[in-house]
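Below, each value reflects all heavy atoms present in this structure, side chains not excepted, and no hydrogens, waters or symmetry copies. In the text below, chain A, chain B and the rest are named by the order of the sequence lines, each starting its count at 1. Since we're looking at a predicted model, the values are computed, not measured.
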Number of protein chains: 2
Amino acid sequence: MRKLKDSRRAEIVDAALLVAAEQGVKAVSMRAVAARIGLTPMALYGYFRNKDELLDAIIGRMLAEISRPAADLGWRETILHLAAEVRSAARRHPSVFPLLFTRPAVSPSAIMVIDLLFDALLRAGVEPAQVPRMERMISTFLIGYAISEVGGRFSEGSLDTRGRRAQLEPDLLPGHQLLAGHLDARVDWDAEYQADLDGLLDIVAGLAARDQRRRQPIGKP
Amino acid sequence: MRKLKDSRRAEIVDAALLVAAEQGVKAVSMRAVAARIGLTPMALYGYFRNKDELLDAIIGRMLAEISRPAADLGWRETILHLAAEVRSAARRHPSVFPLLFTRPAVSPSAIMVIDLLFDALLRAGVEPAQVPRMERMISTFLIGYAISEVGGRFSEGSLDTRGRRAQLEPDLLPGHQLLAGHLDARVDWDAEYQADLDGLLDIVAGLAARDQRRRQPIGKP
DNA sequence: ACCTGAACACCGTTCAAGT
DNA sequence: ACCTGAACACCGTTCAAGT
């Protein structure tokens, strides 16, 4: 039932994703998307109530590419898998990814990721009451990092600016001179992501250990 | 020199900030901003090359409200001060803040914050080579968290969705049931921010301690 | 130096109409 | 059921002109 309607919907979302990839999110207009598949702008309103709903569908489509981690992975490996998937989704859809921070995550695929994180945190031994907080922290980091990497906040321009400042105004702040050599260094994003993520997972592990000690009376191993 | 021009510029940025506060960033158009101070849209092009440059000026204006931490604060307190300032800037300008993640941070006020973080991390004892990475991690968290809080990613809607799902599909994922009671709980953002930030600062402290041990041969206290 | 008017090539969305 | 046409109230930006 309504299979035709669904495939039309998918066709529209695909077209929108293409327009975004080729000309940026700014260029995703009802008119441009419709034109790409030979329709009139008004035809889209049979499938999406308005443009925001179309944008939400694009987000959902992008997150749908995230693969489920194998069920036999440990909690740490599960989170690492999801982190890698989120990051590669961002790299595949750099112009669309920033939309994630702009609207609440309600698509089925977003909820899948959240649920998998919940499950991993519970398996890590984090107290249930702390699990939503930890999930928020981890997903904030995952999305924030990916956006910064693809969206330009850490772009070459800004790094250059920082490095140049260190050379031009050496006594700006005590210690800034010390950093001069490191500010313009080529960044190894993979290594940095890994290191930061390890740090976060250490927080999780530490919290879990503390929670377990509390639940287990002293003396009982 | 060119004092008149500067004050006109400031007047325009103020107007843009007002329009954003009252009707959202979407409503910030050259036409609307100009109209608010009795000008023609074209008059703005004497002060800003285009709309993007006006948006950058808005970001700079918002970050300029961030106060410098007292010079005698410890590294931890310095970072906590900046974190609180960033967060309250986000709460003061919820519609404008998300722009931060959208463009590189090159305004003088953004650079001030970055420099102060650099300085704090050096004082914490973090190896200079690790300082830029740590700064990226902390600022990613600060901005990401603030955007999530004000921008709707953690909005009531999405929390409701998660909680409702736990009740409707109890066997969705093992353990999801355990969380049901916590998903709809009212979130204490202040406490959560504080706790997460403490976790991050612990990473910094841990890294610093390791770096210092390495620089200091064993046996020498 | 600072601003305006008119114009161009776009937007999202509503409504009524077509097949 | 699915789509189109015309219209409305908007955009950013260019160019030439005004004072």
Side-chain angles (χ1 to χ4, degrees), chain A residues 1-61 95-96 98-99 102-104 151-152, chain B residues 1-61 95-96 98-99 102-104 151-152:
Chain A
M1 10 29 189
R2 66 202 299 276
K3 208 169 148 201
L4 279 179
K5 183 145 190 179
D6 279 0
S7 80
R8 225 343 176 219
R9 236 186 99 100
E11 192 186 356
I12 296 169
V13 176
D14 284 349
L17 218 44
L18 270 176
V19 172
E22 287 166 4
Q23 320 183 55
V25 234
K26 265 188 175 175
V28 177
S29 67
M30 299 303 263
R31 295 170 132 98
V33 172
R36 182 167 263 273
I37 48 178
L39 289 178
T40 272
M42 281 318 301
L44 306 193
Y45 287 85
Y47 304 89
F48 305 92
R49 233 190 304 275
N50 50 42
K51 191 186 171 182
D52 276 350
E53 212 172 76
L54 172 57
L55 291 177
D56 279 344
I58 294 177
I59 296 174
R61 174 81 161 61
S95 56
V96 167
L99 291 176
T102 246
R103 313 191 47 84
Chain B
M1 11 32 184
R2 68 203 297 277
K3 209 169 147 202
L4 279 178
K5 184 145 190 180
D6 279 1
S7 80
R8 217 359 167 211
R9 236 186 100 99
E11 193 186 355
I12 295 169
V13 176
D14 283 349
L17 217 45
L18 270 176
V19 171
E22 287 166 4
Q23 320 183 56
V25 234
K26 265 189 176 175
V28 177
S29 66
M30 300 302 263
R31 295 170 131 98
V33 172
R36 181 168 263 273
I37 48 178
L39 289 178
T40 273
M42 280 318 301
L44 306 193
Y45 287 84
Y47 304 89
F48 305 93
R49 233 190 304 275
N50 50 42
K51 192 186 170 182
D52 276 349
E53 211 172 78
L54 171 58
L55 291 177
D56 279 344
I58 295 177
I59 296 175
R61 174 80 161 61
S95 55
V96 167
L99 291 177
T102 246
R103 314 191 45 85

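If you check dT4(D), dC3(C), dG12(D) against the side chain of K51(B), the one that comes closest is dG12(D). Distance from the side chain of R31(B) is smallest for dA7(C) among the nucleotides dA7(D), dC3(C), dA7(C). Distances were taken from every side-chain heavy atom of P41(B) (C-beta onward) to each of dT13(D), dC3(D), dG12(D); the shortest belongs to dT13(D).
Spacing between atom CG of L44(B) and atom C1' of dT14(D) amounts to 15 Å, rounded to whole angstrom units. Whole-Å rounding puts the I37(A) CD1 to dC2(D) P distance at 14 Å. The nearest whole Å value for the distance from the CD atom in E11(B) to the P atom in dC3(C) is 9 Å. Here the C1' atom of nucleotide dG18(D) and the CG atom of L39(B) are 16 Å apart, to the nearest Å. Atom-to-atom, CE of M30(A) to P of dC11(D) comes out at 19 Å; the value is rounded to the nearest Å. One can place CZ of F48(A) at 16 Å from C1' of dT13(C), the figure rounded to the nearest angstrom. Distance CD (Q23(A)) to P (dA9(C)): 17 Å, rounded to an integer number of Å. Rounding to whole angstrom units, NZ of residue K26(A) and C1' of dG12(C) are separated by 17 Å.
Partner assigned to dT13(C) is dA7(D), using Watson-Crick or G-U wobble distances below 3.5 angstrom. Across all strands shown, dG18(C) forms a Watson-Crick or G-U wobble pair with dC2(D), both key distances being under 3.5 Å.
The backbone N or O of Y47(B) sits less than 3.5 Å from a side-chain atom of R9(B), completing a donor-acceptor pair. Of the possible donor and acceptor atoms, one in the side chain of K51(A) sits under 3.5 Å from a partner among the backbone N and O of V28(A). At least one donor-acceptor pair closer than 3.5 Å links the side chain of S95(B) to the backbone N or O of A20(B).
Distance check: I58(A) CD1 to L54(A) CG gives 4.5 Å after rounding to the nearest 0.5 Å.
In terms of phosphate contacts, S29(B) brings a side-chain nitrogen or oxygen within less than 4.0 Å of OP1 or OP2 of dC11(D). A sub-4.0 Å separation between OP1 or OP2 of dC3(D) and a side-chain N or O of R8(A) is present. Under 4.0 angstrom from either OP1 or OP2 of dG12(C) there lies no side-chain N or O belonging to Y45(A).
Mapping A32(A) and R49(A) onto DNA chain C via the closest heavy atom, the residue that lands nearer the 5' end is A32(A). Residues V28(B) and G38(A) each lie close to DNA chain D; by heavy-atom proximity, the contact nearer the 5' end of the strand is made by G38(A).
Note on R36(B) versus E11(B): no salt bridge recorded, every NZ/NE/NH1/NH2 to OD/OE distance being 4.0 Å or above.
Using a 4.0 Å heavy-atom criterion, one finds that M42(B) contacts the bases of the nucleic acid, with or without backbone contacts as well.
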